[in-house]
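The structure under discussion appears below in the form of structure tokens.
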Amino acid sequence: MTTVTVTVRIPDGWPVTEEEARAVQDALRARVEAGGSGPPPGTGRVTGVDVAYDDGRDLVAAAAVVLDGATLDVVAEATAVGSVPFPYVPGLLAFRELPAVLAALDALPCPPGLVVCDGYGLAHPRRFGLASHLGVLTGLATVGVAKNPFTFHHDDPGAARGSTSPLLAGTEEVGRVLRTQDGVKPVFVSVGHRTGLDDACAQVLAVTPRHRLPETTRRADALCRRALQEALTRH
DNA sequence: GCGACAG
DNA sequence: ATCTTGTCGC
């Protein structure tokens, strides 16, 4: 498997302040498309994206790994390296992660299909997490898979793989708590762009045959860490 | 005002 | 996210 590595380019007009970032969220939020028209779970292509940082050296590395939805074999992968465009601010994670992710996706030699993000989509204080943001910017179908409940509340789902419970903001179901392996801590799924919550959960289960986290995220996580180390070594 | 807070 | 050793278990 050959991996193309490109340099991150920060899009024109990328916000610098938190106020600007919130204004961008407000402007883009209405462009989220609800519902899914993509291939059923276990078919088509599924792509994982993830980002690693060395803030001390102002270095960021992103990876995009495309898997065959049926076999979960790696079909293609790409990485992007550059400087950190935005600090970590809860609720504004998209502005820190997306420039590198967009560059990695652009470098892929094939369409990514459904994109599985690390973090949230609709389940966001302002209902526009990084998965939603990525979907609107690219037009791709996206889902968010987070490892903790962020600011939301929930009851624990049943112990069996596939069990779910609603992820709640007050009484509003903004996502779903999904048990991906028997007796293992669940993940937190929310809709990004052009997907529905039921489909998002089914898609996540389809790429989670053996571990708590999707194969897409595991592959992307490993690759972006490697890319970061590579960049550190070269300089 | 203070704490909580995806990655 | 990242800082970090050994250790228990499949």
Side-chain angles (χ1 to χ4, degrees), chain A residues 8 15 18 21-22 24-25 28-29 32 48-65 79-104 115-136 142-154 161 167-170 172-178 180-193 197 200 204 209-214 216-229 231-232:
Chain A
V8 175
E18 297 185 21
R22 291 190 198 95
V24 171
Q25 290 185 328
L28 296 181
R29 188 172 45 213
V32 171
V49 293
D50 195 16
V51 185
Y53 301 90
D54 186 324
D55 284 283
R57 298 193 178 184
D58 187 33
L59 214 53
V60 58
V65 180
T79 63
V81 177
S83 55
V84 181
F86 204 88
Y88 173 67
V89 180
L92 301 178
L93 183 61
F95 300 97
R96 177 170 168 82
E97 303 225 324
L98 289 193
V101 168
L102 291 168
V115 180
V116 178
C117 301
D118 265 43
Y120 281 114
L122 210 218
H124 177 274
R126 309 180 75 236
R127 303 296 181 271
F128 198 69
L130 81 176
S132 316
H133 201 145
L134 178 62
V136 167
T142 63
V143 302
V145 179
K147 295 183 271 305
N148 68 60
F150 198 13
T151 63
F152 304 105
H153 297 148
H154 66 91
R161 164 177 156 86
L167 183 65
L168 299 171
E172 175 188 4
E173 185 182 31
V174 294
R176 205 157 280 164
V177 187
L178 173 64
T180 55
Q181 299 297 329
D182 292 351
V184 170
K185 176 180 176 177
V187 298
F188 303 84
V189 176
S190 59
V191 152
H193 188 58
L197 190 50
V204 170
R210 187 177 169 78
H211 300 280
R212 174 165 89 113
L213 299 179
T216 40
T217 39
R218 291 169 49 81
R219 291 309 232 290
D221 177 76
L223 183 55
C224 72
R225 292 192 193 211
R226 250 181 285 149
L228 182 65
Q229 292 312 315
L232 289 170

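Chain letters run A, B, ... following the sequence lines, proteins first and then strands; every chain starts at 1. The figures here come from the full heavy-atom set of this structure, side chains too, leaving out hydrogens, waters and symmetry mates.
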Go through Asp50(A) and Arg218(A) one step at a time and tell me if the salt bridge (charged side-chain N to carboxylate O under 4.0 Å, His left out) criterion holds.
-> CA-CA 9 Å; Asp50(A) 195 16; Arg218(A) 291 169 49 81; over 6 Å; no

Name all stems that contain residues of DNA chain C, defined as runs of 3 or more consecutive Watson-Crick or G-U wobble pairs, both distances under 3.5 Å.
->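 Ordered by first number, the stems with DNA chain C amount to none, as no run of 3 pairs exists.
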
Under 4.0 Å protein heavy-atom contact, by nucleotide of nucleotides 2-7 of chain B - B base, S sugar-phosphate only = ---BBB

Quick one: does Asp55(A)'s side chain have a donor or acceptor within less than 3.5 Å of a partner on Asp58(A)'s backbone?
-> no

Side chain of Arg161(A), backbone of Asp182(A): donor and acceptor closer than 3.5 Å?
->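 No; zero donor-acceptor contacts below 3.5 Å.
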
Note: Leu197(A) and Ser190(A) closest approach over all heavy atoms is CD1-CA, 4.3 Å

Looking only at heavy atoms, what is the nearest atom pair of Val145(A) and Val116(A), with distance?
->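 Minimum heavy-atom contact is CG2-CG1, 3.8 Å.
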
Could you walk me through whether Leu168(A) and Val174(A) pass the side chain to side chain contact (heavy atoms under 4.5 Å, CB included) check?
-> CA-CA 6 Å; Leu168(A) 299 171; Val174(A) 294; over 6 Å; no

When rounded to the nearest 0.5 Å, the distance separating OG1 of Thr151(A) from NE2 of His124(A) is 9.0 Å

In chain order, what residues pass the ring-ring contact (aromatic ring centres under 6.0 Å, His included) check against His133(A), with sequence neighbours excluded?
-> Phe95(A), Phe128(A)

Looking at side-chain heavy atoms only, is the closest gap between Leu223(A) and Asp221(A) below 4.5 Å?
-> no

Flag the pair Glu173(A) / His154(A) as yes when at least one side-chain heavy-atom distance between them is below 4.5 Å, and no otherwise.
->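 Not in contact.
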
How would you give the extent of chain A contacts on DNA chain C, as first and last nucleotide 5' to 3' within a 4.0 Å heavy-atom cut-off?
-> dA1(C) to dT2(C)

Listed partners of Lys147(A) passing side-chain contact (heavy atoms from CB on, under 4.5 Å), at least two apart |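 By the side-chain contact (heavy atoms from CB on, under 4.5 Å) rule, Lys147(A) matches Asp118(A), Arg212(A), Leu213(A).
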
Is DNA chain B part of any stem, that is, at least 3 consecutive Watson-Crick or G-U pairs with both distances under 3.5 Å, and where?
-> none

Can you tell me if Tyr53(A) and Glu97(A) form a side-chain donor-acceptor pair at under 3.5 Å?
->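 Distance-only check passes for Tyr53(A) and Glu97(A).
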
How would you label the contact of Arg210(A) with the nucleic acid (heavy atoms, under 4.0 Å): base, sugar-phosphate, or nothing?
->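 Nothing, no nucleic acid heavy atom in range.
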
